[in-house]
Protein chains: 2
Amino acid sequence: MNTTSIKKIIMDKGIQPSHHRIKIYEYLLNHHTHPTVDMIYKEISKEIPTLSRTTVYNTLSIFLEKGLISSITIDENEVRYDYNTTPHAHFKCIKCGNIYDIPLDTKLFKKKTIKGHKIIEQHIYFKGICKNCLKKMQS
Amino acid sequence: MNTTSIKKIIMDKGIQPSHHRIKIYEYLLNHHTHPTVDMIYKEISKEIPTLSRTTVYNTLSIFLEKGLISSITIDENEVRYDYNTTPHAHFKCIKCGNIYDIPLDTKLFKKKTIKGHKIIEQHIYFKGICKNCLKKMQS
DNA sequence: ATCATTGCAAACACTTTGCATACGC
DNA sequence: GCGTATGCAAAGTGTTTGCAATGAT
C-alpha cells in the first residue's frame, strides 16, 4: 500500500497524518506480528534515529482511541498491537514466541450479551506449541 | 472449609503448608473475586501485619507452578488469581471493575489443536457492562 | 543445626506524565 | 506565528531478585 492510501486511512479516522504516525501505521500494516511498543520503536528508529518511545506510545494510544488499530494482551507484561480491528482469536507459541491469527467463526463473536452482561469487547487466545515448533521437535 | 482440609489440598500438590501459604490459599477459596496481589496482600496484612508483598508473590508463583491455582490477565497491567483451575471464561465490567465467572460449555474448550498448533492453555474473556451496572444506569 | 520460608530493599521493565523544544502549515 | 507533534527525563506501577534474618523441625 502506498503512502497516499495510508495517509487517507489515518485521516479518515480524524487523525493528523504526521510523518511519524504514517510510519508507525505502515509498520503495523506490513508486519502482522502483533508487535510490542519496543519492536515498533526499535525498527522505525533505524529509519528515524531521533524517534522516541514516547512518540510511539502516544501514537498508538491515539490510534487505539480512534479505532484505527486494536491491542491485545497475551503476555502478562507488555501490550501488543494489531492493525486488524475485526474480531479474531490469537495463538501464542510458548517456544518461539510468535503470535498467530486464528480466524474463528465461533458463535461467541456474534453474542451481544452473556449471562445478562452487555458485551463490548471479547478476547480469545490460546497458548501452546505452534505447528512449526512441533515439526522441529519431531526431527 | 476448615484449615485441616485446606492444608491437605496444599500438601497434595507437593507444597509445604506454611501458615502464610494456608492463609493465602484460604483467601482465594473464600473470595472468588479474582483478586490482584495487592488485594490479597492488603487483606491478609490486617491479620498478619508483618506479611510482605514478596511472600505473596512467592506463594502465588508456587501455587501457579504446582497447578493449585490459575492466573488471568484481563487488566493489561496486573495479574489476577483464581482458585478455579478448570477452564472457564471471565467477564470484566468496565464500570464497576468486577470480574464474573462465565461457565461456557463451548466446544472450544475441548479442542486439543487449532490450525495445526497444539493447545496448552486457552483464555476467553469479555469486557463490557455487567448486569448490575446496567440496572443502575436504567434507574 | 539445618534447611526452607520470609522480608526488606534495590533493581527491573513497561508505561505515563510534565514540560520544553521543534516542526508544519 | 501559532498550534500541534515530538522528545527528554523523571516518575509511577507491578513484579522480580539478592541476600540476610527468621522460623520450624
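Predicted, not measured: the structure shown is a model, and the values here were computed from it. A note on names: the letters A, B, ... follow the listed sequences, proteins ahead of strands, and every chain is numbered from 1.
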Mind calculating the distance between [atom1] ([X]) and [atom2] ([N]) to the nearest angstrom?
X        : N       : atom1 : atom2 : answer
Leu51(B) : dT5(C)  : CG    : P     : 16 Å
Leu60(A) : dT6(D)  : CG    : C1'   : 14 Å
Met39(B) : dT13(D) : CE    : C1'   : 14 Å
Tyr41(B) : dT15(D) : OH    : C1'   : 15 Å
Phe63(A) : dA5(D)  : CZ    : P     : 11 Å
Met11(A) : dA5(D)  : CE    : C1'   : 15 Å
Lys42(A) : dA13(C) : NZ    : P     : 11 Å

Find out if a path of hydrophobic residues (ILVMFWY) with successive side-chain heavy-atom gaps under 4.5 Å connects Phe109(A) to Phe91(B).
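Result: yes, single cluster for both.
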
Connected via hydrophobic side-chain network under 4.5 Å: Ile74(B) and Phe126(A):
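Ile74(B) and Phe126(A): separate clusters.
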
Would you find a donor on one side and an acceptor on the other, under 3.5 Å apart, between the side chain of Asp75(B) and the backbone of Glu78(B)?
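No; zero donor-acceptor contacts below 3.5 Å.
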
If only atom types and distance count, is the side chain of His31(A) paired as donor or acceptor with the main-chain N or O of Leu29(A) below 3.5 Å?
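Checked: no pair found.
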
Say whether Asn84(B) and His32(B), considering side chains only, have a donor N or O and an acceptor N or O under 3.5 Å apart.
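The answer is no; no qualifying pair exists.
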
Assign a letter to each nucleotide of nucleotides 15-25 of chain C from its 5' end: B, base within under 4.0 Å of a protein heavy atom; S, sugar-phosphate only; -, no contact.
BBB--------

So, OP1 or OP2 of dG7(D): does either fall under 4.0 Å of a side-chain N or O from Thr50(A)?
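Affirmative; the distance criterion is met.
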
Could you tell me whether the side chain of His117(A) reaches within less than 4.5 Å of the side chain of Tyr100(B), counting heavy atoms only?
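In contact.
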
Any side-chain heavy-atom pair from Ile124(B) and His123(A) closer than 4.5 angstrom?
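Heavy-atom side-chain distance check fails, nothing below 4.5 Å.
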
Counting only heavy atoms from other residues, nucleotides and ligands, does the tally under 6.0 Å from NZ of Lys112(B) exceed 12?
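Open: at most 12 neighbouring heavy atoms sit under 6.0 Å from NZ of Lys112(B).
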
Less than 4.0 Å between a side-chain N and a carboxylate O, is that true for Lys127(B) and Glu76(B)?
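The answer is yes: the pair qualifies as a salt bridge.
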
Walk me through it: do Arg80(A) and Ile99(A) pass the test side chain to side chain contact (heavy atoms under 4.5 Å, CB included)?
CA-CA 10 Å; Arg80(A) 289 168 168 275; Ile99(A) 295 179; 3.2 Å; yes

Bend angle of the helix from dA1(C)-dT25(D) to dC25(C)-dG1(D), end axes from five pairs each (to 10°):
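Roughly 10°, once rounded to the nearest ten degrees.
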
With side-chain hydrogen bond (donor to acceptor under 3.5 Å, both in side chains) as the criterion, how do His34(A) and Asp101(A) come out once you've worked through the C-alpha distance, each side chain's angles and the decisive distance to 0.1 Å?
CA-CA 9 Å; His34(A) 314 85; Asp101(A) 283 319; 2.9 Å; yes

Could you check which residues of residues 15-24 of chain A get a heavy atom under 4.0 Å from DNA chain D? Sort them by number, please.
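When residues 15-24 of chain A is checked for heavy atoms under 4.0 Å from DNA chain D, the hits, listed by number, are Gln16(A), Ser18(A), His20(A), Arg21(A).
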
